[in-house]
Every structure is written in structure tokens, then in C-alpha cells.
Amino acid sequence: PALYKYEYLIIRNLFFVSIFIYVITTYFTYEIFLRYCWKFFNSFQLNAEENLVSIHLETRIADYLNFFIETFLLLNIVLHIFLVFILFLYKITLNFIIQYRKIFYLAFFIFATLITPPDIFSQIIVGFIFFASFEVFLFSLFLSKEYRKGE
């Protein structure tokens, strides 16, 4: 009751989007990412019948759970930072965003450098993912502003 109606709507929408991102991250981490990681680590196993040396994957549950929790938390943090960034972009004008687009691109690649391993290929991929999502967001922001202008 202490909030204005527009504040309540903003917080409610933010809450629902945050829950949606959490569910998507949980699904992606558990169903897709960890499955491919497990296949990758299992691919290093060698049988003694086929090779001279036998190599077996002997993971401990604690290591597996630590890997899962760290991956899950990292993905949640990155996606929620992205949500905060989108909310920030809604507050500033479209002309400002377009005028300083180069600075946003530089910030994306710096952020990609900070969150990825020191592999240039992964840094470029993450930077381009941020870049593409930024462009899609700009396009949707442009369409929504044009739609509101036409009403």
C-alpha cells in the first residue's frame, strides 16, 4: 500500500521476469549445460581392451555439486545483471542509446572479457551474444516507441 500504482507495476513485472529468468536458467543448467559437460568429460574415458591405458572418470559427488552450484549461480548472476541493464535502458532515451552505441559495445566486450576464461574465442562469442541481444532490444524498443507514438 505504500507504493504508487506505477511503482507497484514496475516491481511486479520485475519480479515475474526475475522468476522467469530463474526458471529458464535452472532448466538450461540442469537439462542442457550439465548434460553436455557430462558427455564431454566422459569422452576422455579409455577402455583397456581398445587402448594400452585404461582411463576412467572417477568424479566425487562434492566436485560435481560444486561445479553445478557455481555454474548455476554464475548464470543467474549474469542473466540478472542483464535484466538490470535492460531496465536501465528503458529509462534513457532511444537517441542517447543510439548516439553512444559504440560505448555500449565496448562495455559488452569488456564485460565478456571479465566473465569468460582467458580464451579469445569464448570472449568474442560472449561479446557477440551481448551485442546481438542489445540490437534485438534496441529494435524492440524502437518498435514499442513507434507503437506508442501511433496510439
Query - Partners passing side chain to side chain contact (heavy atoms under 4.5 Å, CB included) against Tyr6 (at least two apart in sequence or in another chain) - result: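 So Tyr6 forms a side chain to side chain contact (heavy atoms under 4.5 Å, CB included) with Tyr4, Ile10.
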**Report entry** Residues in side chain to side chain contact (heavy atoms under 4.5 Å, CB included) contact with Asp63, at least two apart in sequence or another chain
**Finding:**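 Here the qualifying residues are Arg60.
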Joint cluster assignment, [X] & [Y], ILVMFWY side-chain distance < 4.5 Å:
{"X": "Ile120", "Y": "Phe131", "result": "yes"}
{"X": "Phe16", "Y": "Leu14", "result": "no"}
{"X": "Leu114", "Y": "Leu106", "result": "yes"}
{"X": "Phe121", "Y": "Val126", "result": "no"}
{"X": "Phe139", "Y": "Ile129", "result": "no"}

If you measure from [atom1] on [X] to [atom2] on [Y], what distance do you get to the nearest 0.5 Å?
{"X": "Thr113", "Y": "Phe108", "atom1": "OG1", "atom2": "CZ", "result": "13.0 Å"}
{"X": "Phe68", "Y": "Phe33", "atom1": "CZ", "atom2": "CZ", "result": "11.0 Å"}
{"X": "Ser122", "Y": "Ile115", "atom1": "OG", "atom2": "CD1", "result": "9.5 Å"}

Check: residues 21-30 side-chain donor-acceptor pairs under 3.5 Å, at least two apart:
residue, atom, partner, partner atom, Å
Thr25, OG1, Ile21, O, 2.7
Thr26, OG1, Tyr22, O, 2.8
Thr29, OG1, Thr25, O, 2.7

Query raised in the report: Which residues pass the salt bridge (Lys or Arg N to Asp or Glu O under 4.0 Å) test with Glu7, sequence neighbours left out?
Result: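 So Glu7 forms no salt bridge (Lys or Arg N to Asp or Glu O under 4.0 Å) with any residue.
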Requested in this report: Would you name the heavy atoms of Phe67 and Cys37 that are closest together and state the gap between them?
Outcome: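 Reported closest heavy-atom pair: CZ-SG, 3.8 Å.
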Report task. Name the orientation class of the two ring planes belonging to Phe111 and Phe130 (parallel below 30°, tilted from 30 to 60°, perpendicular beyond 60°). Result ->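 Rings of Phe111 and Phe130: tilted, as their planes differ by 30° to 60°.
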Requested in this report: Provide the full list of side chain to side chain donor-acceptor pair (under 3.5 Å) pairs with a residue in residues 98-111, sequence neighbours left out, each pair given once.
Outcome: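 Residue pairs with at least one partner in residues 98-111: Tyr105-Glu135.
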**Report entry** Ring center gap for Phe20 and Phe15 short of 6.0 angstrom
**Finding:**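 No - the distance between ring centres of Phe20 and Phe15 does not fall below the 6.0 Å cut-off.
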Query - Residues in side chain to side chain donor-acceptor pair (under 3.5 Å) contact with Arg12, at least two apart in sequence or another chain - result: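 Checked Arg12 against side chain to side chain donor-acceptor pair (under 3.5 Å); zero matches.
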Query raised in the report: Tell me, do Phe104 and Leu138 make a side-chain contact under 4.5 Å, heavy atoms counted?
Result: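 In short, these two side chains do not touch, never coming nearer than 4.5 Å.
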